[in-house]
Amino acid sequence: MTQYRCPRCGNSFTGNAMFCPHCGTQISNTQPQAPQKKNNTFLYVLIGLLMAACLGLGLWLFLSDGKDSPKQPSKIEAKAQMTQEETAEESPSTTKEETKADVEEKTPQQPTQAQEQRKSSSNGVYMGMWGRIGDSDQAEFEMNGTTGTYSYVRQGQNSGKRSLRLVSYNEQSGRCIIDAFAAGKKIGTFDGTFREISETDDEGEEHYGQSYNGKFKSTNGAQLDFMLYFD
């Protein structure tokens, strides 16, 4: 039988009724309702596209995970890195001070005049003085480590340069023994006390001095006082 639908109340009914049995609306011009088949093709296509897109996205993420993602450090590596960063943040001034100390240590310090004259006694003794030997005057006395020269004027006659050779020098006591030679032959020995004086005045200027006093013991038995100094 033919099925109809009421245009007013929407209820379906069968037969050739002129009025809706539910609401009484006239239905003489109402067309019979043909059964409709639902078309789900579009829905299936849409679901298929969504599934394909999800599958492609998952595959791309899986393949690019090992290439693009940075390697995560292990717990031990992360802890070590954190410790290094904390140490660098806590002691920047120490690093700068150590760098400055290294630079200062590598930079040679210019010696003062006094330091140049007061060289290490382990390499000998260094003197540059003048004064008196016995009754002679204008005596000049120089030592450069273990060897040196001296000369003097006596009664207007210049002795000429004579040779010196260090025998011993005790830096603590100051005792210094030096042999004297003329024409390659030993003529005597200087036995005295060598002193060095270094001080800084109120204006910060350094003053340096030397003195060498004692006895000159000649090989012929004579002994002469000598007084030498530098100021």
task = Return the orientation label for the Tyr150 and Phe216 ring planes: parallel under 30°, perpendicular over 60°, tilted otherwise.
result = tilted

query = What is the minimum heavy-atom distance between Gly131 and Leu228, and which atoms define it?
reply = N-CD2, 3.8 Å

remark   = side chain to side chain contact (heavy atoms under 4.5 Å, CB included) with Ser198: of His207, Gln210, Glu206, only one passes, and it is Glu206

inquiry  = Does anything in residues 124-137 form a salt bridge (charged side-chain N to carboxylate O under 4.0 Å, His left out)? List the pairs, not counting sequence neighbours.
reply    = Asp135-Arg154

message = Working to the nearest 0.5 angstrom, can you tell me the gap between Glu140 CD and Met129 CE?
response = 12.0 Å

query = Of Trp130, Tyr212, Tyr152, which meets ring pair (Phe, Tyr, Trp, His ring centres under 6.0 Å) against Phe226?
reply = Tyr212

query = Is it the case that more than 12 heavy atoms not belonging to Lys215 sit under 6.0 Å from its NZ atom?
reply = yes

task = With rounding to the nearest 0.5 Å, note down the distance linking CG in Leu59 to CZ in Phe62.
result = 8.5 Å

query = Taking the six-membered ring where the residue is Trp, are the ring centres of Phe141 and Phe190 under 6.0 Å apart?
reply = yes

request  = Could you go through the side chain to side chain contact (heavy atoms under 4.5 Å, CB included) check for Ile178 and Met127 one step at a time?
outcome  = CA-CA 12 Å; Ile178 302 173; Met127 302 178 182; 4.1 Å; yes

inquiry  = Let's go through Met143 and Cys176 carefully: what are the C-alpha distance in whole Å and the side-chain angles of both, what is the deciding distance for side chain to side chain contact (heavy atoms under 4.5 Å, CB included) to 0.1 Å, and is it a yes or a no?
reply    = CA-CA 11 Å; Met143 281 292 296; Cys176 184; over 6 Å; no

key: Shortest non-hydrogen contact from Cys9 toward His22   = SG-CB, 4.1 Å

task = Would you mind telling me which of Thr193, Asp191, Asn170 makes a side chain to side chain donor-acceptor pair (under 3.5 Å) with Arg175?
result = Asp191

query = Rounded to the nearest 0.5 Å, how far apart are CG of Asp179 and OG1 of Thr189?
reply = 4.0 Å

query = What's the shortest heavy-atom distance between Leu166 and Gly145, and which atoms?
reply = CD2-O, 3.8 Å

request  = Report the residues that fulfil side chain to side chain contact (heavy atoms under 4.5 Å, CB included) with Ala222, sequence neighbours left out, ordered by chain and then residue number.
outcome  = Ser218, Asn220

inquiry  = Testing the basics here: between Cys6 and Cys23, what is the closest heavy-atom pair and its distance to 0.1 Å?
reply    = SG-SG, 3.4 Å

ask   = Nearest heavy-atom pair of Gly188 and Thr219: which atoms, and what distance?
value = N-CG2, 3.7 Å

query = For the atom pair CG (Asn213) and CZ (Phe194), what is the distance rounded to the nearest 0.5 Å?
reply = 11.0 Å

request  = Enter the distance from Ile177:CD1 to Arg165:CZ here, rounded to the nearest 0.5 Å.
outcome  = 15.0 Å

remark   = In short, Phe181 meets Arg162 closest at the heavy-atom pair O-CB, 3.3 Å

request  = Indicate, with yes or no, if Met51 and Leu43 share a hydrophobic cluster defined by side-chain heavy-atom contacts under 4.5 Å among Ile, Leu, Val, Met, Phe, Trp and Tyr.
outcome  = yes

